[in-house]
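Comments concern the structure below.
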Amino acid sequence: MLTIALPKGALLKDSIALFKSVGLDFSAFLDSGTRQLQIPDPTGRAQGLLVRAQDVPVYVEYGQAHLGIVGYDVLREKQPSVAQLADLGFGGCRMSVAVKATSPYRSALDLPAHCRVASKFVNCARAYFQSIDLPVEIVTLYGSVELGPITGMSEAIVDLVSTGRTLQENNLIELEVLYQSTARLIAHPVSYRINAEGMEQWIEALRQESLAIA
Amino acid sequence: MAYQPPSGARDLLPLDVAQKYWIEARLEHIFQQWGYHRIITSTVESLDTLMAGGAIDQATVIELQGTGQTRLGLRPELTASIARAAVTRMDQVGYPQRLYYTANVFRRAAQASQGEQQEYYQAGVELLGSDSALSDAEILLLLNDAVRHLNLTDFQVVLGNAGLTRSLLAPFPEPLRSQVRDAIARLDRITLETLDLSEALRQRALTLLDLRGTPADVLQTVSQLDLEIEQRAIVNRLKSLVELLSGGESPLPLVLDLSLIQSFDYYTGVVFEVVANTPQGRQVVGKGGRYDHLLGVFHPQGQSYPGIGFMLSVEGLHQALLPSGYLPQDTPASDWLVVPRNDRAAAAAFAYAQTIRDAANLVRVELYLDPESSAAMIRDRAKKRRIHRIAWVSETGSPEIETVN
């Protein structure tokens, strides 16, 4: 059966709406009473897996899920071997460098060499500071990255920004935008090549639907 | 302290070996039926040999502590080694060389600390010295025969042509061409949609990405492209190949996929992957292709010869075959247990065991090593170990035969 990995969190609602628009209903995942991590579509043509956003490309790369929806930020950070089939347009956000508003820094190049930068996206942060030739120490955090500069542990953070409200409420300002991110439709490459479970027709329907929304 | 194999290494116990051997023996049987001869090359190669073909990422080679100037590595595949070993013979051998191997290969895992496997087993063939359309067909038909002899039914072969795809990419100016090639190899449609390309080139790139499906459909689409004479010749040859492969009782289950390329490889003609449906999901259990320039790299005068071959992953096939029930479920039981009735009967027992072993077919005979045990216990052990018969041997040599299982 066609298996689809759906990301918990910010992209879940839009992802479920997109699949609903092509006739696959996984809205049971939105039901707060549901603890199931694997549910079939009521028509029995597909099943959904509810996994953490970072784990979506893992299930797809290993072939346990044929399709998945995940943010470009995760793909860029983990570089998984998956087919990237469509920019779905929703879940827009940007990867940014931010510092305390009270700091003297107004561009990433103002940051002192060998300063600390806190981030969940260590590969992306490392690549960025290498590209501007600024040696920094990357500190890995798993959440509430904003506390890095607030507590004084780090000078800056590299994190996803969608509305900018979290930064504002914590007195942080954006210095640079590394890239824009949106939700992507990904597929297990081998399954995609042989059109396993007739996935091609679903991919085409999803592409058309996301183009129509855009 | 507990001595464990290093991370990523594993031991194969007798049942694992029996299953692995079942796969290898069946493959070798077919390879030999098609006139292929086994070649054994060195596990250790100089890094230069391994890298010469340009298809191996040095980061994946497990290097060895050498003594001199030569950097050494464990082979990650066999084709380079076979090309090196065979090319010097090509001048004397006036006919195509048909070679096969079953061997271990080594690959440094990207994250070795997480215990990803580093030693693998492969079986494969190389047909050297012919670039005829028939040699393409022979290799793919041999592949079909070998896979079917394993009773693997749920598989597909994804077939492409690296030479054709490469030449269809020629209109893209560098450095865009490598970016487009790379995006097609990774099935990355989003990059092709956003790259800075003219509308005509973008359409071409997306068409190339989608040249995949049933052979007839794909051949029709590709025929409608504005093809040069050489490209048309390749397409015609592909068409005849597909026709040839779709005949017979159990034709090769084919997906034609002209987006099947790699960013770096030595393939020049047909390329293919064998995809099996395993309990762990669909995975590539074999791959191969035509390489008409690789042998020249290893020839002292740069004289090149065409070649084509494939390798099958024994681990991948093992995973795919496990649910089928065809793999041996137990190590073979002994046919006979020869029991000396007392210490003095030892010589007679050994002698009797040998007379049974000398039968024309393989008969497994083991000796009971502790003559003090009670008969009931010996019987019980023989039953548990599925041994067929017990021969009780006394000093005088006359055996008393008892069937237990």
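Residue numbers start from 1 in every chain, and the chains themselves are labelled A, B, ... in the order their sequence lines are given, proteins ahead of strands.
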Please list every donor-acceptor pair under 3.5 Å in which a side-chain atom of residues 18-30 of chain A meets a protein atom from a residue at least two apart or in another chain.
{"unit_1": "S21(A)", "atom_1": "OG", "unit_2": "L18(A)", "atom_2": "O", "d": "2.5"}
{"unit_1": "D25(A)", "atom_1": "OD1", "unit_2": "S27(A)", "atom_2": "N", "d": "2.9"}
{"unit_1": "D25(A)", "atom_1": "OD1", "unit_2": "S27(A)", "atom_2": "OG", "d": "2.6"}

Sequence neighbours excluded and cut-off under 3.5 Å, please list the side-chain donor-acceptor pairs for residues 126-137 of chain A, or say none.
{"unit_1": "S131(A)", "atom_1": "OG", "unit_2": "Y128(A)", "atom_2": "O", "d": "2.6"}

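For chain A, no part of L192(B) is nearby; none of its heavy atoms comes within less than 4.5 Å. Residue contact with chain A, scored on non-hydrogen atoms closer than 4.5 Å, is absent for A276(B).
Atom CZ of R52(A) sits in a sparse spot, with 12 or fewer heavy atoms from other residues, nucleotides or ligands closer than 6.0 Å.
For R165(A), the side-chain hydrogen bond (donor to acceptor under 3.5 Å, both in side chains) criterion is met by E169(A), not counting sequence neighbours.
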Short donor-acceptor contacts under 3.5 Å linking chain A with chain B:
{"unit_1": "Q64(A)", "atom_1": "NE2", "unit_2": "Q280(B)", "atom_2": "O", "d": "2.6"}
{"unit_1": "Q84(A)", "atom_1": "N", "unit_2": "L187(B)", "atom_2": "O", "d": "3.1"}
{"unit_1": "Q84(A)", "atom_1": "O", "unit_2": "R189(B)", "atom_2": "N", "d": "2.8"}
{"unit_1": "R193(A)", "atom_1": "NH1", "unit_2": "D257(B)", "atom_2": "OD2", "d": "2.7"}
{"unit_1": "R193(A)", "atom_1": "NH1", "unit_2": "S259(B)", "atom_2": "OG", "d": "3.0"}
{"unit_1": "E197(A)", "atom_1": "OE2", "unit_2": "R282(B)", "atom_2": "NH1", "d": "3.3"}
{"unit_1": "E197(A)", "atom_1": "OE2", "unit_2": "R282(B)", "atom_2": "NH2", "d": "3.3"}
{"unit_1": "R207(A)", "atom_1": "NH2", "unit_2": "E193(B)", "atom_2": "OE2", "d": "2.8"}

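To the nearest 0.5 angstrom, I186(A) atom CD1 is 12.5 Å from L187(B) atom CG.
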(request) Evaluate the criterion side-chain contact (heavy atoms from CB on, under 4.5 Å) for residue pair V158(B) and I194(A); output intermediate values, then yes/no. (result) CA-CA 7 Å; V158(B) 182; I194(A) 63 168; 3.6 Å; yes
